[in-house]
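Heavy atoms only: backbone and side chains are in, while hydrogens, waters and symmetry mates are out.
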Amino acid sequence: MTLPSKELIDWWRPKLRALDPWRTVHIEEIHELYAEREGAPYRRLATDLLVAERPAEVKVLLCGARGSGKTTELTRLAHDVKQHFCVVQTDLGVGLPDEASTLAVVTLLGVAALHAIKSWSEPDAETTALVKRKAGTVSRGLERLQAALERFGEGAPLVTDLVDGVAGIVMFFEPATATALGTASGAAKTATATASATSKLRIDLAKGPLGGRLKVEQRDDAQAVVGVVNEILAELEALAGRPPLLLADGLDKRTKLDEVARALEDEYLLRDLQAPLVLTGPVNLRHDPRFRAVPGNFRLSLLYNVPIWHRDDLGAVEAAPDGVGVLRDLFEQRREEAGIPKELFGVQLVERAAHSCAGIVRDFLGLLHEAGKNALGRGERAVGEADLEAAIKARRLEMEGYLDEQEIAILERVLDKGTLPGSAEADTLLFENFIACYHNGDIWFRPHEIIVDFIALQRAKP
């Protein structure tokens with residue numbers, strides 16, 4: 001096959017970037033690229049933060065499917081409250097080792113706050129007095145946090161190394177201007193970070209007390225770490241003139257569901273942080289009693305799959321125009337922002353991708369992105385029906401290849417009943433997006449739309 005010309009590749013590149021399912025929507029893009037969905041969690045979260053007498057008591061776990069838009073909800077939240085809070089957003093999915101403890105999460109959030117202090121600057125100028133003040137504050141924070149970790153004995157990581165490594169996973173929004181420091185546009189994460197520094201951070205966070213389960217006799221020492229982190233947060237508030245807001249994203253990037261549970265095992269340490277905290281995690285945590293609406297606990301907030309399908313009172317399933325409309329609006333916003341010509345994707349192709357994505361935003365964009373690459377491979381400047389069907393087929397074959405007989409049987413049951421079986425295997429299928437969680441007044445479950453026909457055929461076999 002002949003490769004496309006450089007001219008055609010250059011023509012397609014910005015259009016494919018606009019549809020890249022892994023592209024992060026940054027704070028200054030949020031108005032152009034955010035598609036408002038019914039019951040968007042950021043609205044209630046923003047209200048809770050702004051009306052709370054003690055914002056530090058606001059602790060929320062935002063759950064949803066991988067790729068459902070949780071990171072974008074956090075970005076919208078940051079945009080709406082940036083004048084009231086000093087927002088520090090941390091990517092736990094990149095920064096944490098696979099088997100991180102809750103103490104590692106607390107330490108990482110404390111180090112992120114230290115990085116924010118180190119990066120903070122006056123809106124107009126960096127005075128000598130401010131430089132000295134920041135240096136003293138950071139130095140004290142490093143010493144105190146190091147001493148607290150060393151209470152556990154040998155093997156604690158060097159906190160100075162953690163601060164150096166954390167730059168690549170933190171966005172810190174300057175309270176006065178709401179720009180992300182360290183970049184000219186405020187759009188990207190701190191440019192000084194490198195992949196090697198982030199990799200070293202993961203290794204360091206697996207050392208000593210941070211790498212394993214917390215023992216009962218270590219709880220007082222863990223609380224000492226929380227105490228130091230609270231001192232750092234108080235220093236950040238004094239410097240910025242606004243209370244810190246901690247946004248911690250990416251726990252559902254863990255390889256296994258039990259690794260998420262490990263990171264939240266001692267969630268009381270997170271509750272004791274003297275700053276509002278919003279964590280994101282997989283939808284599976286909706287049944288965890290630690291994250292139900294009990295006073296003093298984390299409040300659970302659910303981001304369901306976009307309801308592109310509707311189930312009526314008799315159990316019949318049909319397309320839901322409102323949910324499809326949300327995804328169509330999302331495409332239109334990205335199309336206009338990138339200057340994509342209307343004829344590149346027909347309306348029917350966009351709706352076909354919406355019907356096939358199980359209401360997962362990342363899957364919707366991924367199908368369009370892959371279809372665009374297929375058209376590029378054919379040397380075309382427009383996407384045809386065959387390009388999208390090839391993208392859907394490739395994704396279906398990929399998903400089918402992961403399923404064994406037991407998992408297919410679980411998916412058959414989900415398709416029949418619309419409920420989730422109470423088993424670890426079913427929870428794993430939900431965690432891995434083989435099962436979608438919708439709401440149309442009631443919560444119901446359905447296999448990912450790309451494999452529904454495959455599951456139905458298996459059910460029909462004797």
**Fill in**
Minimal heavy-atom distance between Leu285 and Cys63, with the atoms involved, is CB-SG, 3.8 Å

**Prompt:** Distance-only, no hydrogens or angles: does the Gln218 side chain make a donor-acceptor pair with backbone N or O of Lys215 under 3.5 Å?
**Reply:** yes

**Asked** Which value, rounded to the nearest 0.5 Å, describes the distance between Arg17 atom CZ and Ile340 atom CD1?
**Response** 11.5 Å

**Prompt:** Would you call Glu398-Arg395 a salt bridge at under 4.0 Å N-O?
**Reply:** yes

**Message:** Looking at Arg381, I want to see if its CZ is surrounded by more than 12 non-hydrogen atoms of other residues, nucleotides or ligands under 6.0 Å.
**Reply:** yes

**Item:** Full working for side chain to side chain contact (heavy atoms under 4.5 Å, CB included) between Thr280 and Glu73
**Value:** CA-CA 10 Å; Thr280 66; Glu73 290 290 318; over 6 Å; no

**Request:** Enumerate the residue pairs fulfilling ring-ring contact (aromatic ring centres under 6.0 Å, His included) with a member in residues 336-392, sequence neighbours excluded, ordered by first and then second residue.
**Result:** Trp309-His355, Phe331-Phe345

**Prompt:** Does Ala65 offer a backbone N or O that forms a donor-acceptor pair with the side chain of Ser68 under 3.5 Å?
**Reply:** yes

**Message:** Counting C-beta onward and ignoring hydrogens, is there a side-chain heavy-atom pair between Leu303 and Arg37 closer than 4.5 Å?
**Reply:** yes

**Request:** Measure from NZ or CZ of Arg311 to the centre of the six-membered ring of Tyr438, then state whether that distance is under 6.0 Å and the direction lies within 45° of the axis.
**Result:** no

**Message:** Please tell me whether Arg76 and Thr72 have a donor and an acceptor in their side chains that are separated by less than 3.5 angstrom.
**Reply:** no

**Fill in**
Correct closest heavy-atom pair for Glu407 and Tyr402 would be OE1-O, 3.3 Å

**Message:** Closer than 3.5 angstrom, by distance alone: can the side chain of Ser101 be matched with the main-chain N or O of Leu210 as a donor-acceptor pair?
**Reply:** yes

**Prompt:** Leu251 and Ala263: which non-hydrogen atoms are nearest, and at how many Å?
**Reply:** CD2-CB, 3.9 Å

**Asked** Mind checking whether Cys86 and Leu236 have side chains closer than 4.5 Å, heavy atoms only?
**Response** yes

**Message:** Assess whether a salt bridge exists between Glu237 and Arg242, defined as any Lys/Arg side-chain N lying under 4.0 Å from an Asp/Glu carboxylate O.
**Reply:** no

**Prompt:** Are the charged groups of Lys200 and Asp204 less than 4.0 angstrom apart, N to O?
**Reply:** yes

**Prompt:** Rounded to the nearest 0.5 Å, what separation is found between the CG atom of Leu344 and the CH2 atom of Trp12?
**Reply:** 4.0 Å

**Message:** Just checking Glu385: does its CD atom have more than 12 heavy atoms from other residues, nucleotides or ligands closer to it than 6.0 angstrom?
**Reply:** no

**Prompt:** Are Val111 and Val170 close enough that some pair of their side-chain heavy atoms sits under 4.5 Å apart?
**Reply:** no

**Message:** Restricting to non-hydrogen atoms, name the atom on Val452 and the atom on Pro447 that form the minimum distance, rounded to 0.1 Å.
**Reply:** CG2-O, 3.4 Å

**Prompt:** Should the pair Asp249-Lys70 be classified as a salt bridge under the 4.0 Å nitrogen-to-oxygen rule?
**Reply:** no

**Item:** CG on Leu327 to CG on Asp329, rounded to 0.5 Å
**Value:** 9.0 Å

**Lys373 (side chain) donor-acceptor with Leu16 (main chain) under 3.5 angstrom** = no

**Request:** Test side-chain hydrogen bond (donor to acceptor under 3.5 Å, both in side chains) on Thr198 and Arg202 and set out the steps.
**Result:** CA-CA 6 Å; Thr198 304; Arg202 291 169 60 89; over 6 Å; no

**Request:** Step by step, work out the side chain to side chain contact (heavy atoms under 4.5 Å, CB included) result for Leu403 and Phe434.
**Result:** CA-CA 9 Å; Leu403 297 173; Phe434 285 91; 3.8 Å; yes

**Asked** How close do Arg254 and Val260 get, heavy atom to heavy atom, and via which atoms?
**Response** CG-CG2, 3.5 Å

**Prompt:** Taking atom types as modelled, is there a side-chain donor on Gln223 or Asp272 under 3.5 Å from an acceptor on the other?
**Reply:** yes

**Asn305 versus His439, side-chain donor and acceptor atoms under 3.5 Å** = no

**Request:** Please answer whether the main-chain N or O of His310 pairs with a side-chain N or O of Glu318 as donor and acceptor at a distance below 3.5 Å.
**Result:** no

**Prompt:** Can you tell me how far the CZ atom of Arg446 sits from the SG atom of Cys437, to the nearest 0.5 Å?
**Reply:** 14.0 Å

**Asked** Taking atom CD of Glu449 and atom CG of Asp363, what is their separation to the nearest 0.5 Å?
**Response** 12.0 Å

**Message:** Measuring from atom CG of Asp416 to atom CZ of Arg413, what distance do you get when rounded to the nearest 0.5 angstrom?
**Reply:** 10.0 Å

**Asked** Are any of the side-chain heavy atoms of Val226 and Leu273 separated by less than 4.5 Å?
**Response** yes

**Prompt:** If you look at every heavy atom in Pro244 and Phe85, which pair is closest and at what distance?
**Reply:** O-CD2, 4.2 Å

**Prompt:** Salt bridge between Arg396 and Asp453, side-chain N to carboxylate O under 4.0 Å?
**Reply:** no

**Prompt:** Within a strict 4.5 Å, meaning less than it, do heavy atoms of the Glu351 and Val347 side chains meet?
**Reply:** yes

**Message:** Can a donor-acceptor pair be found, under 3.5 Å and without considering hydrogens, that links the side chain of Lys253 to the backbone of Leu92?
**Reply:** no

**Request:** Using a strict cut-off of less than 4.0 Å between a Lys/Arg side-chain nitrogen and an Asp/Glu carboxylate oxygen, indicate whether Arg328 and Glu332 qualify as a salt bridge.
**Result:** no

**Message:** Check Lys393 with Glu389, please: is the shortest side-chain N to carboxylate O separation under 4.0 Å?
**Reply:** no

**Request:** Output, in order, the C-alpha distance, side-chain angles, deciding distance and verdict of side chain to side chain contact (heavy atoms under 4.5 Å, CB included) for Leu430 and Val283.
**Result:** CA-CA 8 Å; Leu430 180 64; Val283 68; 3.6 Å; yes

**Prompt:** Can any side-chain N or O of Ser356 pair as donor or acceptor with the backbone N or O of Ile450 at less than 3.5 Å?
**Reply:** no

**Request:** Look only at the side chain of Thr102 and the backbone of Asp266, and say whether a donor-acceptor pair between them is shorter than 3.5 Å.
**Result:** yes

**Request:** Look only at the side chain of Asp252 and the backbone of Pro282, and say whether a donor-acceptor pair between them is shorter than 3.5 Å.
**Result:** no

**Message:** As a quick check of understanding, evaluate side chain to side chain contact (heavy atoms under 4.5 Å, CB included) for His448 and Ile435, giving each step before the final call.
**Reply:** CA-CA 5 Å; His448 194 297; Ile435 299 174; over 6 Å; no

**Non-hydrogen side-chain atoms of Val105 and Leu109 separated by less than 4.5 Å** = yes

**Request:** Answer yes when Lys256 and Glu259 have at least one side-chain N-carboxylate O distance shorter than 4.0 Å, and no when they do not.
**Result:** no

**Asked** Does some side-chain heavy atom of Leu429 sit less than 4.5 Å from a side-chain heavy atom of Val414?
**Response** no

**SB check Arg262 Asp98 (cutoff 4.0 Å)** = no

**Heavy-atom check, side chain of Arg335 versus side chain of Val350, under 4.5 Å** = no

**Asked** Do NZ/NE/NH1/NH2 and the carboxylate oxygens of Asp48 and Arg299 come within less than 4.0 Å?
**Response** yes

